[in-house]
Amino acid sequence: MDTQPPQDMPPISKLTLSMALAGKSQCLNSAAPFKTGPMVPRGMAVPNPVGELDPVALEESLMSTWSQEDTFGQQVSSRKNGKPFIFLEGPPTANGKPGIHHVVARTYKDLVCRWKAMEGHFVERKGGWDTHGLPVEIEVQKRLDLMSNEAIEAFGMAEFNEECRNSVWTYEQAWREMTERMAFWVDLDDPYVTLHNNYVESCWWALKQMFDKDLLFRGHKVLPYCPQTGTSYSSHEVALGYKEVEEPSVYVKFKLVDDDASVLAWTTTPWTLPGNVGLAVGPDVTYIRVRIDQPAGDNWEGRGGAIVGEEVIIAKDLFKEVIRHHATILEEFPGSDLVGKAYVPLFPNAVDRGGSQTAWTILEADWVTTTDGTGVVHTAVMYGEDDYNLGMEVGLPAQHTVGMDGAFLTGTHEQLDGRYVKECDDTIMDILMSANQLYREKAYIHEYPHCWRTDHPLLYYAMDSWFVRMTAVKERLLEFNDQVEWAPDWVGEGRFGEWLRNVKDWAISRERYWGTPLPVWRSASGEMKCIGSIEELQDEVTKANAAGQNNPECPDDVDLHRPIVDDFVLVSDNGEIMHREPFVMDCWFDSGCASFAQWHHPFDGTEKFENNFPIDYICEGVDQTRGWFYTLLAVSTTVFDSICYKRCLSLGLILDAEGKKMSKSKGNIVDPWDHFNREGADATRWYMVTAGAPWNPLKFDPNGVRETYAKMFLTLWNCYKFHADYASLDNFDPTVTECPVGKRPSLDRWILSKLNTVSAGYHAQFEGWDFHKACRDLEDFVVNDLSNWYVRRSRRRLWDDDTSADKLACQHTLHDVLVKICRLMAPVSPFMVDHIHRNLTGESVHLADWPTPSHQDEDLEVRMQLVRNLAEAGRKIRVENDHRQRLPCQTGWLVGASGIEEFYEILAEELNVMELTTETDLDRFQRIEVVPNRKMLGRKCRQDLPKVLAALAEADPEALWDDISNGRCIIAGFELEPVDVEVRRVEREGFAALTADDSDVTLVLDMATTPELLSKGLAREIIRRVQQKRKELDLAVDASISLSVWLELGNPELIAEDWDHVMSEVRAKDGVLDQGGEGPDGSDSFDVDGAGISFIVN
RNA sequence: GGACGGGUAGCUUAGGUUGGCUGGAGCACCCGGCUGAUAACCGGGAGGUCGCAGGUUCAAAUCCUGCCUCGUCCA
């Protein structure tokens, strides 16, 4: 038994060597910090010594190593015979600077791919760029100040598109640097690019598949439209331009055909009235017919009015609010009574009835409410989404009364034709007034969308538009969605599933310039051709030229963009001239084609495609649910009738420290380089993964990154440094010496077993997408099990000068543990672990295999846990009994312990006791507690449970347990069985004792002090102070000192033996001890238990 | 307005399916200890109406209902 207090200090001889070593590593550092190549020849796996950690230098050095030896390429190709794991990169747009939120998504993409590769899969990772679309155009328009379509066309469409094409690469370098710096391994040298001809051609092919299946059709879509710029706007752009405005609103009397009454309707957009073709009422809304009794009073404002005796119909709820005349209610009825009644058109010539049976009749719509207006909704098919949908449903004529220029079409009304609609409000009211069809005008203040570029009010306008008939494949979409493994599952079932159940036809055309052109040519009479390839286009051009057209050249590499494709004029089967429909595709269509267009399927990448479809894994932010996640599935369903991806990880949003979404417009984006250049990419990535479940929103806390660095990486580094420095010194080579695990001390077998347990759990958590849990557990292992127990307890084992079996066992164990940790961490944080792995094994961790579960000794883990809990209990006992840690106790008793004798030496040191014994007479220190098992008892006793619990609390535990175990315990009529309670052994009162957590083992410490113990405790206090002083004085570790110590009265006697011990520990070559004296001025002094101690170090 | 998700200590959060024993942890704070062991570590303390209100139950952070609130997406 080691009766000395623990002295965690190496012998001087070893320190001298360590110093030499420190010097050596410093030299290495200054010359070439963190040289990370394969630095030891095979078979000579002796680690190099390790310097202080500089995470940025380490990572940057590894980046160049990886680039020199193409470690990524090797990781992929070394598994080329493995089962493929297919990843598809969601293409980012490179026309914005990457932020920390991009790093998060890329971390999860990367870690899964790396993990699968280490498992032996063949994991190719092709990069991709999204290069078309409105955001690109807007960037360019802003830069060149081209704020309208007119301006763009004046600038030149070809020139404009060239600007777009170039602007896409503005931030490519920034993206590349971020990607490389964060170690997202993806092939950016051969990416797919949506603007490339091959990619566009594949998109054309896909559209043709849809066209041939009759899934592609032409229709209208009502969109916010700016006639000044000639553009319609996405909801995002609309949101930029809401303004509060005051406008005239009007109450209009629609005269019924077979009735003297008029129906009153309200609108805030008088310019849509010429387009009126219907009135919508709520079938269940109550309406009334009223008769105007008296002329209007003097307070009448504005135009409008009614004749006495005139009858109008209005929703009952809105009568008081709207009618400004004295009026009598004649009749009350539901809206359904009105449905089908015809009324007189306001502007008889504006819209042609065509074959419509329903035009200018009253229609029912369940969305009609009585919150404002009159309860009757004026319906102009082309100028409102609800209007359009209703019109399509019941067959109203779909004709424009307004042109694309925002002016009324000729033939609408002689006073309106050709005029800008927003300037016609007065004229329209006058026209209505003169026909006695205007009841009232009223100023109306509301938020209305305006063009964010020109500030003009937007018009809701039915634009010609192309659709994919998604409603036709709804059942298939739902079926395929069921086959996708979603993480988290509620995104698939809930958010996405809900979206699919309400799927609408997909409006895929945009009236824009920069994008994949819609490959449909159409003749004036409506004949159409969809072109699915360049070859087909060439054939058609040839045919057209043969029929007399004079088309430009159409070479094999014809640029598939506007305006080039617009210039081809084709000829229909009937000989009619066909022009291309002047649209480009929604850029979501482009990215939705990525699974095949990236390979140029079906033109020359078909084999590649077939081997890489469906995709195994995609991962993007949850905001892609209705974006990319949807379009991938939409395209694969319509084109291949197949699922597109098998697993989809939907990531939570990244919020700033205040919980706001990070976005460019808010300017709250965290720059990833702030962390790359401080804590490093490893800590940044590990932080992101451990901060929460991937699908939960992440409040990005810069402090958290720092904490992760300090805790996880610094701790790991120091464990590694501890091992590598001694291994280097001792020429330890794990490939030369052997040390069977079974022959190693139990501390070693424990850490190995524990790591195997953690590693098995880690793998299982990975499989279940719970990366955060896996990594938190591993972090706990590194910090608590490895660093704070194993390494701390093993420190002295390596200080031994001789090569002992014990030291060898420790070194092998450290080697094994560190290597395995490196492999587990490699997918998440790939830098430091590669550095460590290379130094310990000579091989990159990224070429190593994923650890497989191996031997676990559960029993050993349980016993070690008990030992640690007992050490903890010892500290608690000392606090409770006010007994300093450095003051040794004579005896510690372990009550009820068995099977941990092999750890007594460790435990005695931890507890600072002179001797540790096992107490077999349990009852001397312990009593029992009978704790009710509420689950069992609740089932048995139900409402009588409180009574039973009270009785149990009262009862004497010994007698109670005796009764229960003998089957004669009856409380409140219930017989209690042993399963109904739990018996615990706990410490008796009156001892300095504590029962270790989760056990029946009690630790008792002897609090009695003796002169010998006090002397030893005092010696330890002095040693500690002097050592600290040495450190303050920055003395060389092996420097000798002279020590003078004065022990004031009140101190215990310092026994000669202990004084000698002090002298040797602090390397004092001579010393003076004055027991009872006071130190002179200038000496250092401190108190122990109220007695002063002074000392001088020279 | 609809769908989905969240609300637990000053902050970040675990737990919630399967109701049960004292609601865990980290950061920050206070006290103490330990340290030639790192930006550490250990023990103790303070800090909680588990968003609110009902309900079910012997028992609710957990299940149910309603409401409030925040976020995202869609209208």
Side-chain angles (χ1 to χ4, degrees), chain A residues 6-10 12 15 18 52-53 235 367 369 371 385-386 488 490-499 501-502 504 621-627 650 652-653 655 657 659-661 679 690-693 695-701 703-704 706-711 713-719 721-722 772-773 776 779-780 783-784 787-789 791-792 795 868 871-880 882-887 910 912 931-949 981-982 984 994 1020 1023-1024 1027-1028 1030-1031 1035 1037 1065-1066:
Chain A
Q7 300 294 329
D8 275 3
M9 215 182 111
I12 295 299
L15 278 173
S18 306
E52 294 304 310
L53 177 59
S235 58
W367 39 261
T369 63
T371 49
E385 196 176 356
D386 283 337
W490 50 260
V491 168
E493 287 155 20
R495 192 184 261 226
F496 196 55
E498 199 56 39
W499 164 255
R501 276 185 286 279
N502 296 312
K504 303 256 164 46
V622 68
D623 50 337
Q624 296 294 329
T625 307
R626 280 131 154 126
S650 156
L653 285 161
L655 311 171
K660 299 257 161 54
K661 184 182 176 176
E679 297 92 356
T690 50
W695 44 83
N696 283 340
L698 168 66
K699 265 194 196 177
F700 191 88
D701 178 11
N703 238 351
R706 189 176 179 75
E707 203 180 302
T708 294
Y709 169 71
K711 256 183 115 150
F713 289 92
L714 208 48
T715 306
L716 178 63
W717 183 260
N718 281 298
C719 292
K721 179 174 161 59
F722 172 69
H772 58 304
K773 292 184 184 171
R776 284 169 180 176
E779 183 169 329
D780 187 65
V783 172
N784 291 321
S787 175
N788 285 326
W789 192 252
V791 170
R792 187 159 68 84
R795 218 159 257 282
R868 293 175 70 180
E872 200 168 295
R875 281 178 230 120
K876 278 189 204 174
I877 293 171
R878 283 171 180 272
V879 170
E880 278 164 20
D882 209 13
H883 201 89
R884 284 178 292 112
Q885 208 70 231
R886 289 190 204 90
L887 182 58
E910 285 289 321
N912 193 13
V931 184
N933 180 336
R934 285 162 194 261
K935 207 163 189 167
M936 297 298 289
L937 283 171
R939 212 170 292 157
K940 184 184 273 185
C941 312
R942 296 282 155 195
Q943 58 271 42
D944 294 321
L945 185 65
K947 258 186 273 178
V948 176
L949 292 179
V981 295
E982 192 190 323
R984 287 181 198 158
L994 196 64
R1020 236 182 119 178
I1023 291 167
R1024 193 203 148 213
Q1027 297 290 27
Q1028 195 168 332
R1030 287 185 62 120
K1031 206 173 170 183
L1035 295 180
V1037 174
E1065 283 297 314
V1066 304

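Throughout, protein chains are lettered first and strands after them, A, B, ... in sequence-line order, and every chain is numbered starting at 1. Below, all heavy atoms of this structure are taken into account, side chains as well, without hydrogens, waters or symmetry copies.
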On RNA chain B, compare the nucleotides closest to A:D944 and A:Y709; which residue's is nearer the 5' end? A:Y709
Residue A:E707, side-chain atoms from C-beta onward, closest of B:rA3, B:rC27, B:rC34: B:rC27
Is B:rC4 paired to anything, Watson-Crick or G-U wobble with both distances less than 3.5 Å, and if yes, which nucleotide? B:rG71
Watson-Crick or G-U wobble partner for B:rC52, using a 3.5 Å limit on both distances? B:rG66
Under 4.0 Å: is that the gap between some side-chain N or O of A:N784 and OP1 or OP2 of B:rC42? yes
May I ask you to evaluate whether A:K935 reaches the phosphate of B:rC58, defined as a side-chain N or O under 4.0 Å from OP1 or OP2? no
Could you give the distance separating B:rU69 and B:rG26 at their C1' atoms, to the nearest angstrom? 27 Å
Interatomic distance, A:R884 CZ vs B:rU35 P [rounded to whole Å]: 12 Å
Evaluation steps, salt bridge (Lys or Arg N to Asp or Glu O under 4.0 Å), between A:R875 and A:E910: CA-CA 9 Å; A:R875 281 178 230 120; A:E910 285 289 321; 3.3 Å; yes
Nucleotide B:rG71, atom P - distance to CH2 of A:W695 in whole Å: 24 Å
Within a radius of less than 6.0 Å around CZ of A:R706, do more than 12 heavy atoms belonging to other residues, nucleotides or ligands occur? no
Closest to the A:R942 side chain: B:rA39, B:rU72, B:rC58? B:rC58
Other residues, nucleotides and ligands only: do more than 12 of their heavy atoms fall within 6.0 Å of NZ on A:K947? no
Under a 3.5 Å cut-off for both distances, is B:rG24 Watson-Crick or wobble paired, and to whom? B:rU13
Rounded to whole Å, how long is the line connecting atom CG of A:N696 with atom P of B:rU13? 8 Å
A:K876 side chain, from C-beta outward: closest of B:rA39, B:rC42, B:rG43: B:rG43
With both distances under 3.5 Å as the test, what is the Watson-Crick or G-U wobble partner of B:rU35? none
Atom CD of A:Q943 to atom P of B:rC58: distance rounded to whole Å? 6 Å
Does A:R706 have a side-chain nitrogen or oxygen under 4.0 Å from the phosphate oxygens OP1 or OP2 of B:rU12? no
Heavy-atom check, side chain of A:N912 versus side chain of A:R878, under 4.5 Å: yes
As a test of reading the structure: which of B:rC21, B:rU38, B:rC58 is closest to the side chain of A:P946, going by heavy atoms? B:rC58
Could you check A:G692 against A:V491 and say which one's nearest nucleotide on RNA chain B is further toward the 5' end? A:V491
Taking B:rU17 as the reference, what is the distance to B:rC31 when you measure between their P atoms (whole Å, please)? 41 Å
When you get a sec, tell me which of B:rA3, B:rC58, B:rA75 is the closest nucleotide to the side chain of A:E385? B:rA75
Can you tell me the distance, in whole Å, between the CZ atom of A:R795 and the P atom of B:rU38? 8 Å
Watson-Crick or G-U wobble partner of B:rA60, both distances under 3.5 Å: none
Measure from CZ on A:F496 to C1' on B:rG2 and round the result to the nearest Å. 18 Å
How far does the C1' atom of B:rG1 sit from the matching atom of B:rU8, given to the nearest Å? 31 Å
Could you measure between the two P atoms, the one in B:rC34 and the one in B:rG43, and give it in whole Å? 15 Å
If we take the P atom in both B:rG20 and B:rC63, what is their distance in whole Å? 11 Å
Distance from A:F713 atom CZ to A:T708 atom OG1, nearest 0.5 Å? 7.5 Å
Interatomic distance where CZ belongs to A:R776 and P belongs to B:rA25 [whole Å]: 15 Å
For the base of B:rU35, is there a side-chain donor-acceptor partner from A:R1024 under 3.5 Å away? yes
Please tell me which of the listed nucleotides, B:rA39, B:rC42, B:rG26, lies nearest to the side chain of A:E872? B:rC42
Distance check, C1' atoms only: B:rG6 and B:rG51, in whole angstrom units. 11 Å
Per atom distances to the A:L945 side chain, the nearest of B:rG20, B:rG43, B:rC42 is B:rG20
With both distances under 3.5 Å as the test, what is the Watson-Crick or G-U wobble partner of B:rC29? B:rG45
Which whole number of Å gives the distance between the P atom of B:rC11 and that of B:rC58? 37 Å
To the nearest angstrom, the CD-C1' distance between A:E779 and B:rC27 comes to 13 Å
Separation between the C1' atoms of B:rA46 and B:rG10, rounded to whole Å: 12 Å
